[in-house]
Amino acid sequence: MANFAKPDVPRFSVDVYQNEYLPEGGSQVDAIVTVTATGGGTLGGALTTPGRPSAAVAVMVDCSGSMDHPPAKMRGAWEATAAAIDTLRDGTRFAVVGGTHVAQEVYPGGGRLAVADPTTREQAKQALRRLSAGGGTAIGTWLRLADRLLSAADVTIRHGILLTDGRNEHESPADLRATLDACAGRFTCDARGVGTDWDVKEVTGIASALLGTADIVADPAGLAADFTRMMETAMGKEVADVALRVWTPVGAAIRFVKQVAPAVEDLTHRRTEAGPRAGDYPTGSWGDESRDYHLSVTVPPAGLGQEMLAARVSLVVPQPDGTVQNLGAQGLVRAVWTDDMAASTAMSPQVAHYTGQAELAQVIQQGIDMRKAGDFDGATAKLGRAVQLANASGNADTAKLLAKVVDVVDAATGTVRLKTRVTEADEMTLETRSTKTVRVKK
């Protein structure tokens, strides 16, 4: 394990967990890479110029006509946004965007960001009181306005919070996709769906593209607490645009790179080339936290007793001048060929655990899609497998969500029956939170 440590900046470390032994002719190497940042949220420092503001935040509030049905949704959105504003650190740049089929600046206006202090917080909350529901939904316009506002700020962290209660019916999926592609890497964004009339895949897709979190708030009364937690987390971020840099030797190839904790997120296709045999995978913004990544590499087979470096993992942050800052933390993934069958066939506990967690997320999604399509036998099989995986890995939260969709006969074998009556909120909650994982017990 290597550490990067300087006064007043976060410290990063990398740990690698793997079974490095391969049988003769073996070519697949798997490792769990744990990245930990400490000091970022507590020391108040950042990889930035002293005195530079640390964060800018844009809160995007759905103001479409459906937010008035029932009125509690609009009231909950106002209260939640007000709570988020109260959570802002003094000096944070911020704006509130009202979203319908167009995007409007609610506060401060004029293409500007406000600077958080007691006066601007109160002004922003007064502006929120003037919000009313009406119009359609075109989420891409909200994100593009947030991007324009945030990009004008010379800050370390740029973050968005997006709330919607409906489907993105006033722009095409291609338009939203183009917006997400344009905004990716420019700011992170947490997305929330309130009620049950929104599309899970749209909301989770937004969060995934912008390296944020997604969740459901079925009851508008829960919005304020959720927004407060999101903003507290955003205020704890100190380093933006951290990339996992993976180098592989000649003849080796990356099979995939996935974040596997705290949630499953496939980063494989987000690679940007970073010199000979190296690529960068985006991880977003960091505070005091730890995340796990599953790295799978194919290497050229070698003879018994041979060993090689299969991959080298480091952490980098891009700089304004086009260079990158290497954070100094590094992990090595090795391959050793052996005729010891016990050694070469043993799976690393960490790799086994997260392979199961990734499958759990996948079979939940498949099971829900099959249930919606009327394939009840297929849904039963997939959701039964999900129950079995959740039980084996100790993922109690997911097990509880599954139990609202299926009757569990035997968790160990995955024997279940589909419930005849499932509330839309329960099904959407399971789908939205299906990628959340539990960490391996070390």
Side-chain angles (χ1 to χ4, degrees), residues 56-64 66-67 73 77 80-81 84 95-104 136-151 157-218 223 226-227 229-231 233-234 237 240-241 259 262-267 269-270 282-285 361 365 368 428-436:
V57 180
V59 183
M60 292 159 274
V61 183
D62 191 337
C63 298
S64 62
S66 58
M67 284 293 287
K73 278 197 287 191
T81 306
V96 180
V97 171
T100 59
H101 52 283
V102 294
Q104 298 179 356
T137 305
I139 295 174
T141 66
W142 317 353
L143 292 166
R144 287 189 183 272
L145 176 54
D147 182 36
R148 288 196 296 274
L149 294 170
L150 293 172
S151 64
I157 304 294
R158 295 178 179 85
H159 191 77
I161 291 176
L162 184 149
L163 172 70
T164 185
D165 83 320
R167 291 170 173 81
N168 197 43
E169 295 176 337
H170 289 79
E171 67 180 350
S172 69
D175 286 341
L176 178 58
R177 184 72 256 169
T179 295
L180 294 174
D181 289 343
C183 294
R186 295 173 60 82
F187 67 98
T188 55
C189 184
D190 294 322
R192 294 294 186 267
V194 60
T196 58
D197 294 328
W198 48 280
D199 186 276
V200 172
K201 288 181 171 57
E202 278 182 354
V203 170
T204 56
I206 291 165
S208 175
L210 302 182
L211 297 174
T213 64
D215 207 349
I216 179 175
V217 185
L223 278 173
D226 186 70
F227 267 45
R229 286 191 296 271
M230 276 194 291
M231 191 63 82
T233 300
K237 303 294 185 183
D241 303 324
Q259 177 184 285
V264 177
E265 189 67 61
D266 194 344
L267 304 177
H269 302 296
R270 301 190 189 188
T283 68
S285 303
Q365 290 288 334
I368 289 174
M428 291 176 71
T429 301
L430 175 61
E431 185 176 6
T432 305
R433 298 178 183 172
S434 63
T435 60
K436 297 184 186 300

(request) Taking all heavy atoms of Val61 and all of Ala77, pick out the closest pair and write down the distance. (result) CG1-CB, 3.9 Å
(message) Whether the Thr188 and His159 side chains hold a donor-acceptor pair (N or O, under 3.5 Å, no angle test) is what I'd like checked.
(response) yes
(message) Which heavy atom of Val264 sits nearest to which heavy atom of Ala361, and what is that distance?
(response) CG2-CB, 4.4 Å
(request) Output yes when a side-chain donor or acceptor of Ser151 lies under 3.5 Å from a complementary backbone atom of Asp147, and no otherwise. (result) yes
(request) For Glu169 and Thr137, indicate whether the former's side chain and the latter's backbone hold a donor-acceptor pair under 3.5 Å. (result) no
(request) Only one of Ile139, Leu143, Thr81, Thr141 passes side-chain contact (heavy atoms from CB on, under 4.5 Å) with Met60; say which it is. (result) Leu143
(request) May I ask you to say whether Asp226 pairs ionically with Arg229, meaning some side-chain N is under 4.0 Å from a carboxylate O? (result) yes
(request) Answer yes or no: is there an ion pair linking Asp197 with Arg167, defined by an N-O contact shorter than 4.0 Å? (result) no
(message) I need the minimum non-hydrogen distance between Ile216 and Arg433, along with the two atoms involved.
(response) O-NH2, 3.6 Å
(message) For the backbone of Val194 and the side chain of Lys73, can you confirm whether one donor and one acceptor N or O come within less than 3.5 Å of each other?
(response) no
(message) Within the 3.5 Å criterion, strictly below it, is a donor on Glu265 or Thr435 matched to an acceptor on the partner's side chain?
(response) no
(request) May I ask you to decide if Glu431's main-chain N or O and Gln365's side chain share a donor-acceptor pair within less than 3.5 Å? (result) yes
(message) Main chain of Gly195, side chain of Asp165: is a donor-acceptor contact present, judged purely on distance under 3.5 Å?
(response) no
(message) Tell me the closest heavy-atom pair linking Thr100 and Trp142, and the distance in Å.
(response) O-NE1, 2.8 Å
